[in-house]
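As structure tokens, the structure follows; a few thoughts come after it.
Treat the numbers as computed from the prediction; the structure is a model and nothing was measured. Every number for a ligand or one of its atoms is a count from 1 in the order of the listing. In this chain, numbering begins with 1 at the start of the sequence shown.
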Amino acid sequence: MAKRFPIIGYVEAMSDYIPYGYQDINQEDIDAVITVLHSDWITQGPAIERFEQAVANYCGVKYAVAVSSATAALHIACLAASLGEGDILWTSPNTFVASANCGLYCNAKVDFIDIDSNTYNLSIDELESKLAEAEKQGCLPKVLIPVHFAGQSCEMEKIAALSQQYGFKVIEDASHAIGGSYQKKTVGSCQFSDITVFSFHPVKIITTGEGGMVLTNQEKLYQRLIRLRSHGITRNPDLMQGESHGSWYYQQLELGFNYRMTDIQAALGASQMQRLDEFVERRWFLANRYNQLLQDLPLMLPWQHPDTYSSWHLYVIRLKLDKIKKTHRQVFEELRSAGIGVSLHYIPVHIQPYYQKFGFKLGHFPQVEKYYKEAISIPIYYGLDEESQDRVVASLRERLI
Ligand SMILES: *Cc1c(COP(=O)(O)O)cnc(C)c1O
């Protein structure tokens, strides 16, 4: 039976197709899920607590809230940070649309910070000058969402200093970065932020099928997050207005959602957590191997800031187009035709038709636009064997020389 790769759009894939990312599910993961299916709880229950505890312990953070996706996580994170109508959210244009959409869900305005041409994360210089300008204009952001692109942390110490100076909140979109670290502190510790968000979509570092998590050290934010996850309802008499009517009683205090994760998913997540370091180590091995094998090709290879330890969610190459006889698109399509599941992270969010409606135009963020014309994500995932990786390299070499 041919394998199906949902991440490339339910294409009946060739048996030798190499996707850009892929989950790794072992027998222990399967057993953990089956145990839950035989138990009394299948929605939010004890497995959620175990998974939240496992992630919180790993990251060295006080509170963790499991939710149905990182998109849901970003939404309630913004609400917990009091983002609302008339407020402004800034993020990187080199991200998945969800990092910006969460601002629109809250009726806030969204704007972007151009990227650093080495890390592909939002540029600190751009952020500094845009903040200085916004202060003059009286339009400072309430929330900044730095995205740890490809698994490499942003320069959080500098971001935290700017958040102090200008009074905005920081929500790390660490969808790519669980298992990574910054200045030797695990991503998710929230040492330099208010909130951190993870994604457990199958292409990410660990998976729950669909799922996300919100982390924070602030108890107030935590109380708000657990309430927003479940309809804005509380069963805690201490948080109620007036007296409890009895043991059946709950109160809806604000407008929340059903963003719960199931215990079935959480059991998978808790089981995957046990192999997180192994997953990241394998990704490092593969990334180092690409660095070696691709060094003589007309490519810009991913640069690593010395303060960071990436989780290597993505391995992005940039074509040196002046040294290649083909276009970016030709190289991309030829690799796909050869069974190499390359991808492109990301189409700059500001040039999406939906965002152009807000007045964003091509030319507004030149670094990310240049990057978009050159970037290709090549396969990297735990189960990628060296023979397949060699095929990726050979296929690239054939097309670039
Ligand atoms: C995957 C991803 C998301 C969304 O994650 P879901 O769990 O699929 O909702 C958000 N931001 C970034 C940077 C991502 O890569």
Side-chain angles (χ1 to χ4, degrees), residues 6-9 19-23 51 55 64-79 89-106 110 112-113 115 119-122 143-154 156 170-180 187-188 193 195-215 225 228-229 257-262 265-266 268-269 272 283 310-316 343-350 352 355 368 371-372 375 377 380-381:
I7 49 178
I8 56 168
Y20 86 87
Y22 199 66
Q23 69 273 19
F51 183 33
V55 176
V65 180
V67 289
S68 51
S69 68
T71 304
L74 287 162
H75 184 192
I76 62 171
C78 285
L79 290 172
L89 176 148
W90 288 0
T91 188
S92 168
N94 187 30
T95 187
F96 186 55
V97 291
S99 320
N101 287 346
C102 54
L104 302 181
Y105 295 159
C106 301
V110 171
F112 303 95
I113 315 292
I115 61 168
T119 62
Y120 318 146
N121 281 328
L122 65 80
V143 168
L144 176 74
I145 303 196
V147 180
H148 303 323
F149 181 76
Q152 176 172 216
S153 175
C154 295
M156 292 309 299
V170 179
I171 300 172
E172 299 173 66
D173 184 345
S175 291
H176 299 181
I178 192 169
V187 171
S193 67
I195 293 175
T196 301
V197 165
F198 290 141
S199 171
F200 309 124
H201 180 279
V203 292
K204 308 292 162 74
I205 308 291
I206 64 162
T207 191
T208 60
E210 294 282 355
M213 203 173 279
V214 196
L215 314 176
L225 290 164
L228 288 164
R229 169 172 69 179
F257 309 89
N258 178 354
Y259 281 165
R260 294 186 301 267
M261 177 187 273
T262 66
Q265 293 167 302
L268 177 55
Q272 292 252 303
R283 285 170 178 275
S310 180
S311 61
W312 286 107
H313 166 55
L314 301 172
Y315 189 96
V316 175
S343 191
L344 210 175
H345 301 89
Y346 284 97
I347 304 152
V349 178
H350 71 284
Q352 291 289 353
Y355 278 85
V368 75
Y371 162 89
Y372 176 56
S377 305
I380 188 164
Y381 51 94

With a cut-off of 4.0 Å, which atoms of ligand 1 are near a heavy atom of Val147?
13 (C)
So which atom in Tyr371 and which in Tyr346 form the shortest heavy-atom distance, rounded to 0.1 Å?
CE2-N, 4.1 Å
Considering the heavy atoms of Gly211, write down every atom of ligand 1 situated less than 4.0 Å from one of them.
7 (O)
Regarding ligand 1, does Asp173 bring an N or O atom to under 3.5 Å of one of the ligand's N or O atoms?
yes
Donor + acceptor pair across side chains of Ser310, Gln152 (<3.5 Å):
no
What about Leu74: any of its N or O atoms under 3.5 Å from an N or O on ligand 1?
no
Under 4.0 Å from any heavy atom of Ser69, which atoms of ligand 1 are there?
7 (O), 9 (O)
Atoms of ligand 1 close to Ala70 [distance to a heavy atom under 4.0 angstrom, numbered from 1]
4 (C), 5 (O), 6 (P), 7 (O), 9 (O)
Residues, nucleotides or ligands: over 12 heavy atoms within 6.0 Å of Leu344 CG
yes
Would you say Thr91's side chain and Ile145's backbone share a donor-acceptor pair under 3.5 angstrom?
yes
Numbered atoms of ligand 1 (with element) below 4.0 Å of Tyr346, judged on heavy atoms
15 (O)
Can you classify the ring geometry of His313 versus His176 as parallel (below 30°), tilted (30 to 60°) or perpendicular (above 60°)?
tilted
When the aromatic ring centroids of Tyr105 and Phe257 are compared, is their separation below 6.0 Å?
no
Mark up the atoms of ligand 1 that fall under 4.0 Å of a heavy atom belonging to Ser199, in ascending order.
1 (C), 5 (O), 6 (P), 7 (O)
Look at atom 2 (C) of ligand 1 and say which protein heavy atom is nearest, naming residue and atom and giving the distance to 0.1 Å.
Lys204 NZ, 2.7 Å
If you measure every N or O of Thr71 against every N or O of ligand 1, does any of those distances drop under 3.5 Å?
yes
Near Ser99 (heavy-atom distance under 4.0 Å), the atoms of ligand 1 are 11 (N)
May I ask whether Ala73 has any heavy atom positioned less than 4.0 angstrom from an atom of ligand 1?
no
Could you report the tightest heavy-atom contact between Ile115 and Tyr120, atom names first, then the distance?
CG2-O, 3.6 Å
Starting from atom 10 (C) of ligand 1, locate the nearest protein heavy atom and write down its residue, its atom name and how far away it is, to 0.1 Å.
Ser175 OG, 3.5 Å
No-hydrogen, no-angle side-chain donor-acceptor test under 3.5 Å, Gln23 and Thr207
no
Under 3.5 Å, is there a donor-acceptor pair between the Asn94 and Ser92 side chains?
no
Under 4.0 Å from a heavy atom of Thr95: give me the atoms of ligand 1 that qualify, with their elements.
13 (C)
Look only at interatomic distance and state if His176 has a nitrogen or oxygen under 3.5 Å from any nitrogen or oxygen of ligand 1.
yes
So for Phe198, does at least one of its heavy atoms come nearer than 4.0 angstrom to any atom of ligand 1?
no
Is the backbone N or O of Glu210 less than 3.5 Å from a side-chain atom of His201, with the two atoms forming a donor-acceptor pair by type?
no
